[in-house]
Amino acid sequence: MKRISLLLLLLLSVPDIFAQNTADTKPLTDSLTGFPLPEEMTPGMTEFWLPQPPQVTPDDAGSAPSDAIVLFDGTDLDAWRPESNFWTIENGLLKMPKKGSALATKENFGSVQMHIEWMVPAPEDGKECRQGNSGVFFQGRYELQILDMNGGKPTYANGMCGSIYKQQAPLANPMRGRGEWNEYDIIYNAPVFNSNGSYRVPPTITVIFNGVLVLNNAQIFGTTTYIGLPKVQPHGDAPIMLQRYSDTEDTVYFRNIWVRKL
Ligand code: MG
């Protein structure tokens, strides 16, 4: 389609090229040297019409744009690998379990735009307020942290909610209160590798957290491990994963998860 568009553009421009050689449109020349002067710019010279961007219907409240891949809309877990079978749907919400593994998409992804909403419920009466640790892993290895910051337990800045875990601290903390819904709008750019396995272009991420920019095209340095420095591991497209933190006593709920491939 692109080739056809380019060919059409070239064919349409041919008469203009010939027109420059006619007597009527003889190029202006410099009066001293006789050399031709640049043609005067017209508005059309800096406009391109093809290809036109595809039409996308924007999301209304609680739904995804028309070209999005819906990962969870409250009805089923079909987009996710069945081996993560402790994750359940409760009243239309995706519930992080107290045991089992991370929830991984069936499909592999590289660069994406992603929307996800999540909430850490208020603790039951008399129970300790835990931090509802989860996270979104891009390409199966780079964690954007999800962690409740309202429980009164401080944590290191580069492990706060909205951080790239142990690497990039968020620019702000716009978290809503316990039991309230939060949302991430994310642009994640996958890395490009050199032949020796190092990053030629490192992964980068932009995150808008409840409407506030918290990561601005931030560089990711490698894997996001709890202990140790980031590691650079060559990889291709891989699942998006939701973390199930091993020590958490409470849970995290998710809703309205979708991605658009970039
Ligand atoms: Mg986490």
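When a ligand or atom number is given, it counts from 1 through the structure's own listing order.
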Undergrad: Donor-acceptor pair, distance only, cut-off 3.5 Å: does the side chain of Thr204 make one with the backbone of Ala218?
TA: no

Undergrad: Taking the cut-offs as 6.0 angstrom to the six-membered ring centre and 45 degrees off its axis, would you call Lys166 and Tyr156 a cation-pi pair?
TA: yes

Undergrad: Just wondering, is there an N, O or S atom on Ser134 that's nearer than 2.8 Å to the Mg ion (ligand 1)?
TA: yes

Undergrad: Tell me whether Gln243 has at least one N, O or S atom under 2.8 Å from the Mg ion (ligand 1).
TA: yes

Undergrad: Side-chain donor-acceptor pair under 3.5 Å between Tyr142 and Gln167, yes or no?
TA: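 Note: Tyr142 and Gln167 side chains miss the donor-acceptor criterion.
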
Undergrad: Would the Tyr184 and Trp118 ring centres measure less than 6.0 Å apart?
TA: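 Close enough - the centres of the two rings lie under 6.0 Å apart.
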
Undergrad: Nearest 10°: the angle subtended at the Mg ion (ligand 1) by Glu143 OE2 and Gln145 OE1?
TA: 90°

